[in-house]
Protein chains: 2
Amino acid sequence: MNAAGVRKRDAERTRQSILEAAQDVFSRHPYAEASLKEITSLAGANAALVSRYFGSKEKLFEAALTASLDPTPLMPASRVEFGERLVAAFIRPVPGRINPLPMLIFATAEARLQAVALKLLRERIVLPLAEWLGGVGAEVQAARIMVIASGFFTYRSLLPLEAMQGDLDENTRAWLVRAFQSAIDAE
Amino acid sequence: MNAAGVRKRDAERTRQSILEAAQDVFSRHPYAEASLKEITSLAGANAALVSRYFGSKEKLFEAALTASLDPTPLMPASRVEFGERLVAAFIRPVPGRINPLPMLIFATAEARLQAVALKLLRERIVLPLAEWLGGVGAEVQAARIMVIASGFFTYRSLLPLEAMQGDLDENTRAWLVRAFQSAIDAE
DNA sequence: CTCATAAGTAAATTGGAATTTACTTATTGG
DNA sequence: CCAATAAGTAAATTCCAATTTACTTATGAG
């Protein structure tokens, strides 16, 4: 290593930068359009290293989705403010934090990715959320949350309907808050 | 033509059978996994004819999506039963009728398809539905319907969460009905 | 210092589907 | 019946990203 303690070659660091670039690219582009070339050039690495460190594009996607779910996102502060918090998080995402929803939705576009995504969705989102919610029917409530969140995300970002853009009109914002809230209020 | 009036060759009939096969295959498989070979062999036609009759796979997808939106689907009978009707239609789809939602969601997987899908979504679903709903904010209400419908479809069919399978538990069914209904009740 | 090995690279290969081409066969008006 | 043309086909071509290969360069233990 040189004076600054920075190695020119560092497998772990390279692997990590590919993983981070993958999270970025896979959450901005549909899977088929997210090329390894784009990911590795963003990471400043050689495309052949994907194979060495992750095995394949699919495995890299899986690793990126997993990483974006760690730590478990979406964990709300209180039950009464649940809807408010969720809507606020959608409308002003925390900068730098990777939102796992795009990757989840994009995973819909390949059968093998669907299987991986479903597994992670259950283990890393639905079950933890259900545990936090507690009580009978908590898993069902968590699934309802996903229904609203994904539907909203789809028309906010992927097929951008005007009604779902920007800060939302006041009524729609209120409707969305109630939709999230009703998902956990009703058993 | 022969005695039964059936031509061995009939461009219009061939084009139509490719289009119908495309609707079927594109609504069951993600775009990338729906091969022209599968579509044309289902249609009993040669793969090269896609190019002649539709120009390209993308154009065929566009034609298939358009056809699945004709006549305008989802048109509910009455405003009060709106949610009930919609949920019933999801849980027991009319056999043989092509549901446009899968293609709409799969179109999410390629930037060029997104543009086509968004255009058709507005013209063929959102605006007609808004016109039927009437009043100020009708277009926004129609967009909210899409949010619920797509989210539900995603976790019912693409990333099948147990909570959204089969006939739904009674509470979830009631929740879903209210979710649709509240989309058009609240301004 | 040196050499065994880990890390990284450029270029070749693969693979699979879409698209094009060159061709064959059916249809139909005259 | 006979062109002329429309319809259909098989096989060749193209395209392009993922993956593999054969190689170069850096690292660090002894």
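Note on naming: letters A, B, ... go to the chains in the order of the sequence lines (proteins, then strands), and numbering restarts at 1 for each one.
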By side-chain contact (heavy atoms from CB on, under 4.5 Å) - contacts of B/Pro160 (at least two apart)
A/Leu118, B/Gln165
Please give, in whole Å, the distance from C/dA18 C1' to B/Lys59 NZ?
14 Å
Determine, for nucleotides 11-23 of chain D in 5'-to-3' order, which nucleotides have protein heavy atoms under 4.0 Å from the base (write B), from only the sugar-phosphate (write S), or from neither (write -).
-------SSB---
Which pairs would a plain distance check flag for residues 136-145 of chain B, meaning a side-chain donor or acceptor within less than 3.5 Å of a matching protein atom at least two apart in sequence or in another chain?
| residue | atom | partner | partner atom | Å |
| --- | --- | --- | --- | --- |
| B/Glu139 | OE2 | B/Arg122 | NH1 | 2.7 |
| B/Gln141 | NE2 | B/Ile184 | O | 3.0 |
| B/Gln141 | NE2 | B/Ala186 | O | 3.2 |
| B/Arg144 | NE | A/Thr172 | OG1 | 3.4 |
| B/Arg144 | NH1 | B/Ala183 | O | 3.2 |
| B/Arg144 | NH1 | B/Ala186 | O | 3.0 |
| B/Arg144 | NH2 | A/Thr172 | OG1 | 3.1 |
| B/Arg144 | NH2 | B/Glu187 | O | 2.8 |

How close or far is atom P of C/dA18 from atom CG of B/Leu49, stated in whole angstroms?
15 Å
Between D/dG8 (P) and B/Arg13 (CZ): distance, integer Å
11 Å
Numerically ordered, the residues 102-113 of chain A set in heavy-atom contact under 4.0 Å with DNA chain C is none
For residues 122-152 of chain A, pull every pair meeting ring-ring contact (aromatic ring centres under 6.0 Å, His included), keeping only residues two or more places apart or in separate chains.
A/Phe90-A/Phe152
From CD1 of B/Ile18 over to C1' of C/dA18, roughly how many Å is that when rounded to an integer?
14 Å
Whole Å only: how far is the CD atom of A/Gln16 from the P atom of C/dG8?
13 Å
According to side-chain hydrogen bond (donor to acceptor under 3.5 Å, both in side chains), does anything in residues 24-45 of chain A pair up with another residue at least two apart or in another chain? List the pairs.
A/Asp24-A/Arg28, A/His29-A/Glu38
Does A/Tyr53 reach a base, just sugar-phosphate, or nothing at all? Heavy atoms under 4.0 Å.
sugar-phosphate
Nearest-Å distance, CZ (A/Arg9) to C1' (D/dT25)?
4 Å
Sorted by chain and number, sequence neighbours left out, side-chain contact (heavy atoms from CB on, under 4.5 Å) with B/Ala107 holds for B/Phe61, B/Leu113, B/Ala117
Would you mind listing every side-chain hydrogen bond (donor to acceptor under 3.5 Å, both in side chains) that reaches into residues 148-158 of chain B, with sequence neighbours excluded?
A/Ser150-B/Tyr155, A/Tyr155-B/Ser150
Can A/Arg92 and A/Asp167 be counted as an ion pair, charged N to O under 4.0 angstrom?
yes
Whole-Å distance, B/Asp10 CG to D/dG8 P, equals 7 Å
Enumerate the side-chain hydrogen bond (donor to acceptor under 3.5 Å, both in side chains) contacts for residues 54-67 of chain B, please, sequence neighbours excluded, ordered by first and then second residue.
B/Glu58-B/Arg112
Whether A/Thr14 contacts C/dA7 is assessed here as follows: a side-chain N or O lying under 4.0 Å from the phosphate OP1 or OP2. Is that the case?
no
Between C/dG16 atom C1' and B/Glu33 atom CD, what is the distance in whole Å?
13 Å
Does B/Asp70 come within less than 4.0 Å of B/Arg124, counting only side-chain N to carboxylate O?
yes
